[in-house]
Engineer: 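Just passing along the structure, written as structure tokens.
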Amino acid sequence: MMFLASTIHDAPQVYVDVFIAILRWIAPILSLVLFVRCVYPLLTFKREPEIWARLCLANGKKYALTHWENVIGKSKSSDVVLDRRGVSRSHAVLTRYDDGSWSITDADSEGGVFVNGIRVSFRALEPEDIITIGGADMVLQPISGKQEQKLAKMRTGNSSVFANFSNLILLTVFQLLCAVAFLLVDSGETAQSVLLGFGGISVCQWLLMLFYLCIKRTSFEVETIAFFLCTMGMCVIATVTPDEAFKQLIAMVIGVVLFLLVGWSLRDLQRAKVFRYVAGVAGICFLLITLLFGQEYYGAKNWLVLGSFSLQPSELTKVCFVYVGASAMDRIMTKRNLISFIVYSVALCGCLALMNDFGTALIFFCAFLVIAYMRSGSIGTITLACTSLGFAGVVALKIAPHAMRRFQSYRHIWEDPLDAGYQQTRALMCMASGGILGVGAGMGQMKSIFAADSDVAVATLTEEWGLIMLAIVILCVVALGIFALRSAAVGRSSFYTIGSCTAASVLLVQAILNALGTVDVLPLTGVTFPFLSNGGSSMIGAWGLLAFIKAADTRQNASFAIRLGKFGGEADE
């Protein structure tokens, strides 16, 4: 490996200049082609409803049940609308399980739910059971096994193996070109680390793809986007801190393992509910341990240091928070108030405030808003929460000098370009010098700026790779958010829908805070850009969040969080 790096580095300077000049044009073209090929299937798949059962009333009327969890009630937002006297707005919830069985849960209704004439709060349903709600008798008719297989085959929007292989080949070629470019301009001292960084990403993505083929999964667009962003992050690290390339690779591998572990836990809805409580305890413990034993860096006490190893537990708490916020429909309907979740959220944000980590606290608050709205549908709840944030923000600025200094320089960076505004003014100048195509890999000046590979990583990326590449990187994160939103429309369970939308929101908010903070549109909070910024904890957390987005994918044979039936199609969970 060292011989290869040495050989490339010793190439004549004229060859180096020609290669870098050509790469400035080839890189955005390859990236744009890869982006379109990955994003197009995610944004164009047909959102056709899946019919899992029919609810047949005594008067002959039938309702198609298109989710694993279906609300029966008088409200127009219910899945089954019964506009009858004695029926509550949200009266009951019909739930489907792994083995195809169903249950019914009373959602604290006034009139109650009756099965075979007996009032129940919860009841596993048997064939021919007569359900009575508001005086109306009905029978549940699940679809047959043959209909389930037919449903799986009719599901559209799945990816072809050839398309995924083609995308990975494009990405591998791009990674090879990036590695060669940095080896040409590198001094040779850190060449091995850089080569391991790019090569390791390539090996990891192919191994994950082969694993998907072994479990008969054909969709790899979401993962390809993540690996592309990791590659651009490695480009930033190779410029600023090349000796940390291997460490970031290890963090990415751990992140992929967490991605698979979270996906496995979501494979069974009942198992996911158990993990939800484990994640809740782990999330608060991460922050309490940091609060007690953490070390303070640049005003925020958010790091645990164990010898040469450092960890930012709040990044892992994000994954736990999404787990806690997601909830099954029967729980949402029977516990309308959000008191327990609000208390948990306040506890987490309180710990972050005591650490002076207000940037991360803001991300948690935005995630809370998404979860609160999806669980309650109440604009009043959201308004009250935003008002509370305003008061909390004013108090934080009064008692936390670290946060106050950042707000004092906001929109005033050019008034003090050599001190408070130094980082952002230099970032803006370097981004401008990069132009559309960038100055070339490893040729930028951002490497001498503090946190050029983390807090202002987008500036380093833009200077060397150009505005086109920056736009593609940002649009990758936006595409994941839109995909989560489109998947929610045909989501099978509120647990997966809330989880995916919240996870996508966290990634989007992080990207927005990082990118707009760099250019002084928003205050610079020190929040990392998902997959791009240097930081092992951030990388691991980003992959953990990606698992929720993947789990909500209902396309045929797309998500490893959905089991396959005995005939090769998706089994209904």
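The shown structure was predicted, so the numbers you read here are calculated from the model rather than taken from an experiment.
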Engineer: Does G438 offer a backbone N or O that forms a donor-acceptor pair with the side chain of R24 under 3.5 Å?
Structural biologist: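 Indeed, once roles are kept as given, a pair shorter than 3.5 Å links the two residues.
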Engineer: Between atom CG of L177 and atom CD1 of I20, what is the distance when rounded to the nearest 0.5 Å?
Structural biologist: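 The CD1 atom of I20 is 10.0 Å from CG of L177, to the nearest 0.5 Å.
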Engineer: Dump the intermediate steps for side-chain contact (heavy atoms from CB on, under 4.5 Å) on Q445 and E464, then the final yes or no.
Structural biologist: CA-CA 9 Å; Q445 301 300 314; E464 297 192 354; over 6 Å; no
Engineer: Without swapping roles, check the side chain of T502 against the backbone of G499 for a donor-acceptor pair under 3.5 Å.
Structural biologist: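 Absent.
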Engineer: Look up atom CD in Q312 and atom CD1 in I540, then write down how far apart they are to the nearest 0.5 Å.
Structural biologist: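 Output value for this atom pair is 11.5 Å.
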Engineer: Work out which heavy atom in A503 is nearest to a heavy atom in I549; give both atom names and the distance.
Structural biologist: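 What the structure gives for the nearest pair is CB-CG1, 4.4 Å.
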Engineer: So V322 and L545, side-chain contact (heavy atoms from CB on, under 4.5 Å) or not? Walk me through it.
Structural biologist: CA-CA 8 Å; V322 174; L545 292 171; 3.7 Å; yes
Engineer: For V519, run the side chain to side chain contact (heavy atoms under 4.5 Å, CB included) check against V458, V456, L428 and tell me which one passes.
Structural biologist: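 Answer after filtering V458, V456, L428: L428.
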Engineer: Say whether, by atom type as modelled, one donor and one acceptor occur between the side chain of R426 and the main chain of M446 under 3.5 angstrom.
Structural biologist: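 Checking the backbone N and O of M446 against the side chain of R426, no donor-acceptor pair under 3.5 Å is found.
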Engineer: Can you confirm whether the side chains of T224 and N167 place a donor and an acceptor under 3.5 Å from each other?
Structural biologist: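 Per modelled atom types, T224 and N167 side chains form no pair under 3.5 Å.
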Engineer: With a 4.5 Å limit on heavy-atom distance, are the side chains of C178 and M234 in contact?
Structural biologist: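 A side-chain contact is absent here, since even the closest heavy-atom pair is not under 4.5 Å.
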Engineer: Looking at G442, is its backbone amide N or carbonyl O close enough to the side chain of K447 to form a donor-acceptor pair, meaning the two atoms are under 3.5 Å apart?
Structural biologist: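 Checking the backbone N and O of G442 against the side chain of K447, a donor-acceptor pair under 3.5 Å is found.
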Engineer: Verify the distance criterion only: is there a donor paired with an acceptor across the side chains of Q423 and D455 at less than 3.5 Å?
Structural biologist: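 No, no side-chain donor-acceptor contact under 3.5 Å.
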Engineer: For the backbone of P28 and the side chain of S31, can you confirm whether one donor and one acceptor N or O come within less than 3.5 Å of each other?
Structural biologist: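 Flag not set: sc S31 to bb P28 has no pair under 3.5 Å.
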Engineer: Does any part of the side chain of V473, heavy atoms only, come nearer than 4.5 Å to the side chain of F531, both counted from C-beta?
Structural biologist: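 When only atoms from C-beta onward are counted, V473 and F531 do not touch, as no gap falls below 4.5 Å.
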Engineer: Over all heavy atoms of both residues, which pair between A427 and T518 is shortest? Give the atoms and the distance, please.
Structural biologist: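 Residues A427 and T518, closest heavy atoms: CB-CG2, 4.0 Å.
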Engineer: With side chains defined as the heavy atoms from C-beta onward, is the minimum distance between L258 and W543 less than 4.5 Å?
Structural biologist: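 No, too far: nothing below the 4.5 Å cut-off.
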Engineer: Tell me which one of L30, I201, L171 satisfies side chain to side chain contact (heavy atoms under 4.5 Å, CB included) with F228.
Structural biologist: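 Between F228 and the candidates, side chain to side chain contact (heavy atoms under 4.5 Å, CB included) is satisfied uniquely by L171.
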Engineer: Output all residues satisfying ring-ring contact (aromatic ring centres under 6.0 Å, His included) with F321, sequence neighbours left out; order by chain, then residue number.
Structural biologist: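 Listed in chain order: F341, F364.
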Engineer: Just how far is it from atom SG of C230 to atom CG of L249, taken to the nearest 0.5 Å?
Structural biologist: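 Atom-to-atom, C230:SG and L249:CG are 9.5 Å apart.
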Engineer: Just by modelled atom types, is the G535 backbone N or O under 3.5 Å from a matching donor or acceptor in the Q248 side chain?
Structural biologist: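 Side chain of Q248 to backbone of G535: a pair is present.
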Engineer: Distance check, rounded to the nearest 0.5 Å: I225 atom CD1 versus E223 atom CD?
Structural biologist: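 Interatomic distance, I225 CD1 to E223 CD, rounded to 0.5 Å: 9.5 Å.
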Engineer: For P242 versus V194, what's the shortest heavy-atom pair and its separation?
Structural biologist: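 So the two residues come closest at CB-CG2, 3.7 Å.
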Engineer: May I ask you to decide if F198's main-chain N or O and S202's side chain share a donor-acceptor pair within less than 3.5 Å?
Structural biologist: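 Side chain of S202 to backbone of F198, a donor-acceptor pair under 3.5 Å: no, none is there.
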Engineer: Can the ring centres of F220 and F165 be said to be less than 6.0 Å apart?
Structural biologist: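 No, ring centres 6.0 Å or more apart.
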Engineer: State which residues pass ring-ring contact (aromatic ring centres under 6.0 Å, His included) with F275; sequence neighbours excluded, sorted by chain then number.
Structural biologist: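 Residues passing ring-ring contact (aromatic ring centres under 6.0 Å, His included) with F275: W264.
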Engineer: Just checking, is any N or O donor in the side chain of Q205 or T172 under 3.5 Å from an acceptor N or O on the other one?
Structural biologist: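 A pair is found: one side chain offers a donor N or O, the other an acceptor, under 3.5 Å apart.
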Engineer: For the residue pair T528 and S533, confirm or rule out a side-chain donor-acceptor distance under 3.5 Å.
Structural biologist: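 No.
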Engineer: About how many Å separate CG of L229 and CG of L507, when rounded to the nearest 0.5 Å?
Structural biologist: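 It is 9.5 Å, given to the nearest 0.5 Å.
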Engineer: Can Y323 and L266 be said to form a side-chain contact (heavy atoms from CB on, under 4.5 Å), step by step?
Structural biologist: CA-CA 10 Å; Y323 247 122; L266 295 172; 4.0 Å; yes
Engineer: Is there a donor-acceptor contact under 3.5 Å from the side chain of T462 to the main chain of L467?
Structural biologist: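 It does not hold such a pair.
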Engineer: Tell me if the CZ atom of F246 is crowded by more than 12 foreign heavy atoms within 6.0 Å.
Structural biologist: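 Open.
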Engineer: Short question: side chain of S538, backbone of N534 - any donor-acceptor pair under 3.5 Å?
Structural biologist: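 No: the side chain of S538 does not pair with the backbone of N534.
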Engineer: Would L260 and L208 satisfy side-chain contact (heavy atoms from CB on, under 4.5 Å), going step by step from the backbone distance to the final call?
Structural biologist: CA-CA 10 Å; L260 295 173; L208 184 60; 4.0 Å; yes
Engineer: Does the side chain of S454 reach to within under 4.5 Å of the side chain of F529, using non-hydrogen atoms?
Structural biologist: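 Of all side-chain heavy-atom pairs linking F529 with S454, none is under 4.5 Å.
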Engineer: Using atom types as modelled and distance alone, determine if a side-chain donor or acceptor of N514 lies under 3.5 Å from a backbone N or O of V527.
Structural biologist: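 Between the backbone of V527 and the side chain of N514 there is a qualifying donor-acceptor contact (under 3.5 Å).
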Engineer: Roughly how far, to the nearest 0.5 Å, is CG of L42 from CD1 of I482?
Structural biologist: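 Answer rounded to 0.5 Å: 10.0 Å.
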Engineer: Closest heavy-atom contact between V240 and A452?
Structural biologist: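 Result for this residue pair: CG2-CB, 3.9 Å.
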Engineer: Is there a side-chain contact between F483 and D553 (heavy atoms, below 4.5 Å)?
Structural biologist: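 A side-chain contact exists here, since the closest heavy-atom pair is under 4.5 Å.
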Engineer: Where do A484 and C501 come nearest, in terms of heavy atoms and distance?
Structural biologist: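 The answer is O-SG, 4.0 Å.
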Engineer: Contact between F293 and L288 at the side-chain level, heavy atoms closer than 4.5 Å - yes or no?
Structural biologist: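 No - every pair of side-chain heavy atoms lies 4.5 Å or more apart.
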Engineer: A side-chain contact here means heavy atoms from C-beta on lying under 4.5 Å apart; do W68 and Y496 qualify?
Structural biologist: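 With C-beta onward as the side chain, the pair touches.
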Engineer: S314 versus L287: any side-chain heavy-atom pair under 4.5 Å?
Structural biologist: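 Yes, at least one pair of side-chain atoms sits under 4.5 Å.
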Engineer: Locate the shortest heavy-atom distance separating L316 from G541; write the atom from each residue and the value.
Structural biologist: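 What the structure gives for the nearest pair is CD2-N, 4.5 Å.
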